[in-house]
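Numbered from 1 within each chain, the chains take letters A, B, ... in sequence-line order.
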Amino acid sequence: MLNFKLQIFLFLLLTGNLFYLIRLVKQEYLDLKDTILWFFGIFSLILATIFPVPFFYLSTLLGFEKTINMFFLISIFILFFIILRQTISISRALRNNRILLQELVLLKKEYMDDKSKMIN
Amino acid sequence: MKKLIIIPAYNESKNIEYIIHKLKKKAGYDFIIINDGSTDETSLLCKKYNINLIDLPENLGIGGAVQTGYKYAYNNNYDVAIQLDADGQHDPDFLDLIIKPIEEGEADYVIGSRFINFSGYQSSRLRRIGIVFLSLLIRIIYRKRITDPTSGFRAASKKTIKSFCVNYPIDYPEPESIAYLLHHGYKIKEIPVRMEKRIAGNSSITFFQCIYYMAKVSLAIIIKSTNYRTISKGDS
């Protein structure tokens with residue numbers, strides 16, 4: 001079970017994180033759609049900090065030796081999905097960047113060809 | 001028939017003059033060099049000889065550069081696009097042979113293979129092992145014998161050009177593009193060609209990249225088959 005002092009400490013830490021995340025969205029450093037997983041992760045942890053008892057029973061039911069191990073595992077999964085989402089975004093951005101660059105050079109080529117035809 | 005030769009070039013200043021002189025002698029073909037963000041004199045040399053050139057400001061990788069060429073071919077209404085390496089490995093004397101099956105309507109995509117007549121440079125032993133493996137993988141999945149899946153000497157019909165404008169692999173695209181076409185029912189034919197050892201410089205794939213290359217390409221061939229099958233089932 002969680003120690004009360006640790007509970008307070010985790011709650012403050014996570015709430016601080018939550019407000020920081022809200023500020024980033026408000027200041028448009030982040031798009032809301034990209035932060036859903038972060039919000040979900042922080043909310044889940046806050047919930048577990050405030051009401052640890054159901055999580056304790058759940059972890060015992062699932063066969064974890066310690067409740068904290070279940071938290072670690074859940075956190076790893078959330079982080080895994082966040083990284084996966086980021087990889088998807090990077091792949092998409094690179095693809096879009098390539099298409100734009102190709103269109104740009106093809107247009108430039110067409111323009112230069114037309115220009116040289118006009119001069120000649 | 002309008003014919004275009006696409007030559008992707010990345011830091012090929014030592015080889016590009018040779019290929020330019022060889023291609024200038026070849027009548028009936030237009031050619032375009034796609035300078036893939038080279039940091040050497042490649043672009044300057046092309047400009048010096050007043051060659052049809054597309055200068056990419058950033059390095060897109062071989063697939064991105066070749067796709068730019070296919071897009072150029074499509075925009076300018078070419079009937080056949082031939083891909084040729086800038087390192088002098090591919091002999092332009094085979095150009096007429098490689099486009100023949102397309103002209104006669106026998107194939108949508110023609111690959112110049114060095115492993116039919118086994119003449120000319122046969123690549124290193126390690127690479128040949130990789131080629132045999134990829135060839136086997138394609139044969140198992142797509143039931144088609146491709147003797148030289150890594151050959152960069154290829155010709156594409158108008159239909160294939162259009163398809164490549166939308167979908168072309170980015171890195172190490174040769175075997176993957178074959179998998180893509182076979183899955184979509186394109187007719188692929190191989191013809192025997194003779195290849196030379198590259199004139200200067202090192203190949204884009206070094207010994208240490210071989211493992212990554214094999215893993216990436218094999219995975220791509222397998223994923224392409226499953227993925228596209230699901231999509232095509234959904235479409236029908």
For [X], I'd like to know if atom [atom1] has over 12 heavy atoms of other residues, nucleotides or ligands within 6.0 Å.
X        : atom1 : result
A:Asp114 : CG    : yes
A:Gln27  : CD    : yes
B:Lys162 : NZ    : no
B:Lys159 : NZ    : yes
B:Tyr74  : OH    : no
A:Met118 : CE    : no
A:Phe39  : CZ    : yes

* Over all atoms of both residues, closest heavy-atom pair of A:Arg95 and B:Val166 ->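 Result for this residue pair: NH2-O, 4.3 Å.
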
Distance (rounded to the nearest 0.5 Å) between [X] [atom1] and [Y] [atom2]:
X        : Y        : atom1 : atom2 : value
A:Leu106 : B:Asn76  : CG    : CG    : 8.5 Å
B:Glu58  : A:Leu104 : CD    : CG    : 11.5 Å
B:Thr68  : A:Leu101 : OG1   : CG    : 7.5 Å

* To do: Go through the steps to decide whether B:Ile54 and A:Lys108 satisfy the test side-chain contact (heavy atoms from CB on, under 4.5 Å), and finish with yes or no.
  => CA-CA 9 Å; B:Ile54 288 181; A:Lys108 193 176 160 190; over 6 Å; no

* Can you say whether A:Glu103 sits under 4.5 Å from chain B via the side chain, the backbone, both, or neither, judging by heavy atoms? ->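 Interface part for A:Glu103: side chain.
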
Identify which part of [X] has an atom lying under 4.5 Å from any heavy atom of chain A, answering side chain, backbone, both or neither.
X       : answer
B:Leu56 : both
B:Leu53 : backbone
B:Asp55 : backbone

* Check: A:Gln102 side chain, B:Lys71 main-chain N or O, donor-acceptor pair, under 3.5 Å ->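 No; zero donor-acceptor contacts below 3.5 Å.
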
